[in-house]
Amino acid sequence: MVDVSVAGRVRPALPRVPALAVLAHYLVGYRRTWRAGVFSSFLLPVLTVVGFGFGVGAYVDQGVGGLRYLDWLVPGLIASTAMQVAIGESTWPVLSNFRWIKTYFAQSAAPLRVGDILAGHLAFVLFRAFTSTAAFLLVTALFGAVRSPWAVAVLPVVLLLSLAVAAPTFAFSAWAPSDSYLALLFRFAVIPMTLFAGVFFPVESLPSGLRQLAYATPLWHGVDLCRAATLGVAPQWSVPGHLLYLAAWAIAGWLLARRAFRRELVV
Amino acid sequence: MTTAQPLIQARGLVKRFGDFTAVDGIDVEVRPGEAFGFLGPNGAGKSSTMRMVGCISPPSGGELRILGMDPVRDGPAIRARLGVCPQLDNLDPELTVRENLTTYARYFGIPRRVARERAAELLDFVQLTERADSKVEPLSGGMKRRLTIARALVNNPEIVLLDEPTTGLDPQARHLVWERLFRLKQQGVTLVLTTHYMDEAEQLCDRLVVMDGGRIVAEGSPRALIEQHSTREVVELRFAADSQEAFAGKLDGLGERVEVLPDRILLYVADGDAAVAEVTALGLVPASVLVRRSSLEDVFLHLTGRTLVD
């Protein structure tokens with residue numbers, strides 16, 4: 001039965017780009033669940049714009065630096081959405097692929113290398129962060145909160161930001177001894193970053209010590225670049241400086257993640 | 001066939017985890033087309049050996065060649081020609097039965113259309129065609145196992161590695177899996193499996209090694225192992241409670257070996273009926289007598305001991 005026509009044509013080889021075969025696996029699964037996700041990716045920005053932009057914004061009389069609060073806030077929310085999706089998709093799903101459904105072990109028995117398994121899953125996380133951000137950008141543009149055509153530059157920026165936060169999170173989730181560690185990551189990294197990295201108010205309002213901490217977060221660099229793009233102004237820091245800083249997080253994160261993956265998969 | 005180059009060749013193969021030596025210098029040769037078994041109690045080093053053969057665990061010492069290649073350097077090239085059925089199913093519960101096969105096929109560079117045809121063919125082979133578009137989650141243990149076996153065959157592998165293929169399955173499911181594996185063997189696929197079920201080893205394996213504490217303690221065909229390490233027949237005698245020890249003393253010298261267990265006495269003999277006659281001649285009246293042929297289980301327990309391994 002097995003050795004009829006098709007088996008003869010099955011010529012096992014190495015896929016041309018193995019990471020793409022891995023990405024395809026996640027996309028097949030996503031095809032089943034994306035509708036629920038799309039609804040929330042459009043609903044969330046609408047709610048935030050109405051709640052924070054119009055609601056809170058109404059009390060921010062003078063705006064920020066002469067800008068309407070909503071316009072100032074939106075790019076920050078875009079960057080923080082990218083970060084939250086990127087980190088969210090890099091925590092439980094990664095832990096589960098090691099400990100619960102063991103997808104990574106199934107993949108490592110195929111002719112894939114650890115780097116392919118990691119790169120394919122990271123690519124899917126970037127895809128998720130990118131599409132969520134693009135939806136956010138579209139909705140807020142409809143609300144008139146995007147002031148410059150430079151706003152399209154937000155898209156490559158969120159890709160880099162997502163990689164800069166997802167890669168180290170992959171390392172953390174691969175290392176985490178149990179899923180309660182993942183909740184700590186949200187408590188001590190994601191929420192503080194969201195609150196203090198310049199999304200809701202300028203970092204300059206923070207006391208100096210905290211301000212230095214805010215500058216060290218990858219999110220602030222993403223926020224500053226996104227804000228410059230949607231407002232069509234120069235960022236507070238140099239563009240290459242921002243990009244290099246985010247790239248450094250991405251590269252360091254990749255190296256740590258690959259080491260953590262190897263430790264689990266090649267034993 | 002006997003002159004063919006071995007597909008798997010291990011010499012003094014060692015696997016260490018820190019201070020613990022899981023595999024302690026084993027020599028193994030698996031030839032094309034045979035079904036080869038690793039038998040042993042838990043912790044004997046079977047799974048560690050399988051992981052090294054599957055090129056996901058680098059050996060700590062010794063030599064290992066698979067399909068003539070080096071598993072550390074040529075891992076992906078070797079894995080492209082292997083099928084692996086792990087001890088615990090690691091199917092993707094979010095995907096359908098069919099998608100589990102087609103997505104896996106892409107890891108082997110198999111084009112999408114060929115992968116779909118291949119998946120249909122394999123689902124037919126493992127009798128899951130009706131469940132092709134069902135999700136994996138509600139499947140029974142036996143169905144999941146068959147799907148995992150189908151996934152291991154997606155690349156038309158030359159060697160299929162099966163780590164305890166029927167552990168945890170009910171008798172019907174086990175027999176179906178055995179029957180499918182036997183068919184693969186008939187088609188010339190080389191099978192390498194680990195098991196601690198003796199009936200599985202006797203059913204499937206042409207040749208096997210018994211492992212204990214990381215070493216190979218015996219090697220051969222099931223029949224040869226029984227001939228070498230046990231007698232032709234075994235007599236099981238049960239006596240009234242507490243009188244066992246008293247009787248045991250009188251049976252000394254009967255047959256090749258007498259083994260006293262808490263609930264019964266085993267006589268390892270060439271001729272069971274003759275031995276029973278001798279027992280009766282001694283004036284002993286056991287509560288029950290059973291004469292049976294020696295099995296691989298007798299060999300296994302003799303070689304690896306009756307102590308429980310947890």
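Below, chains carry the letters A, B, ... as their sequence lines are ordered, and counting in each starts from 1.
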Parallel, tilted or perpendicular: ring planes of B/Tyr104 versus B/Phe108, cut at 30 and 60 degrees: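 Tilted: the ring planes of B/Tyr104 and B/Phe108 meet at 30° to 60°.
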Quickly, which of B/His196, B/Arg145, B/Arg174 forms a side chain to side chain contact (heavy atoms under 4.5 Å, CB included) with B/Thr167? Name it, please.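 For B/Thr167, the side chain to side chain contact (heavy atoms under 4.5 Å, CB included) test succeeds with only one of B/His196, B/Arg145, B/Arg174, which is B/His196.
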Got [X] and [Y] here, is their nearest side-chain heavy-atom distance under 4.5 Å?
X	Y	value
A/Pro75	A/Val154	no
B/Leu139	B/Ser134	yes
A/Met83	A/Thr194	yes
B/Leu147	B/Val126	no
B/Met52	B/Leu13	yes
B/Glu34	B/Cys205	no
B/Val189	B/Glu158	no
B/Arg106	A/His25	no

Test side chain to side chain contact (heavy atoms under 4.5 Å, CB included) applied to B/Cys85 and B/Leu161, step by step: CA-CA 6 Å; B/Cys85 177; B/Leu161 308 177; over 6 Å; no
Indicate whether any N or O donor in one side chain lies under 3.5 Å from an N or O acceptor in the other, for B/Glu200 and B/Thr195.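 On atom types as modelled, these side chains qualify, holding a pair under 3.5 Å.
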Assess the side chains of B/Lys15 and B/Ser57: does a donor N or O sit below 3.5 Å from an acceptor N or O?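 Per modelled atom types, B/Lys15 and B/Ser57 side chains form a pair under 3.5 Å.
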Determine, step by step, whether B/Met69 and B/Arg81 satisfy the side chain to side chain contact (heavy atoms under 4.5 Å, CB included) criterion, reporting the C-alpha distance in whole Å, the side-chain angles of both residues, the deciding distance to 0.1 Å, and the verdict. CA-CA 11 Å; B/Met69 292 183 273; B/Arg81 295 160 63 184; 3.6 Å; yes
Show, in sequence, the C-alpha distance, side-chain angles and deciding distance for A/Phe186 and A/Phe188, and conclude whether the ring pair (Phe, Tyr, Trp, His ring centres under 6.0 Å) test is met. CA-CA 6 Å; A/Phe186 279 86; A/Phe188 294 107; over 10 Å; no
Side chain from CB out, backbone as N, CA, C, O: work out which of these in A/Arg32 comes under 4.5 Å of a heavy atom of chain B, or both, or neither.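 When you check distances to chain B, only side chain atoms of A/Arg32 fall under 4.5 Å.
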Strictly below 4.0 Å, N to O, side chains only: are B/Arg116 and B/Glu121 in salt-bridge contact?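 Between B/Glu121 and B/Arg116 there is no salt bridge, as every charged N stays at least 4.0 Å from the carboxylate O atoms.
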Test side chain to side chain contact (heavy atoms under 4.5 Å, CB included) on B/Gln9 and B/Arg11; report intermediate values, then the result. CA-CA 7 Å; B/Gln9 189 163 32; B/Arg11 290 251 175 284; 3.4 Å; yes
[range]: residues contacting chain B (heavy atom under 4.5 Å, by number):
range	result
residues 155-166 of chain A	none
residues 90-102 of chain A	A/Ile101, A/Lys102
residues 104-140 of chain A	A/Phe105, A/Ala106, A/Gln107, A/Ser108, A/Ala109, A/Ala110, A/Pro111, A/Leu112, A/Arg113
residues 253-267 of chain A	A/Leu265, A/Val266, A/Val267

Who wins among B/Asn90, B/Leu91, B/Leu82, B/Asp89 for the most heavy-atom pairs under 4.5 Å with chain A?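 Option with the top pair count is B/Asn90.
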Of the listed residues (B/Ala115, B/Pro76, B/Ala152, B/Pro86), which shares the most heavy-atom pairs with chain A below a 4.5 Å separation?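 Option with the greatest count: B/Pro76.
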Roughly how far, to the nearest 0.5 Å, is CZ of B/Arg131 from OG1 of B/Thr96?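 Going from OG1 on B/Thr96 over to CZ on B/Arg131, the span is 11.5 Å.
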Any idea which of A/Pro18, A/Gly29, A/Pro15, A/Ala21 has the most non-hydrogen atom pairs under 4.5 angstrom with chain B?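 Heavy-atom pairs under 4.5 Å are most numerous for A/Pro15.
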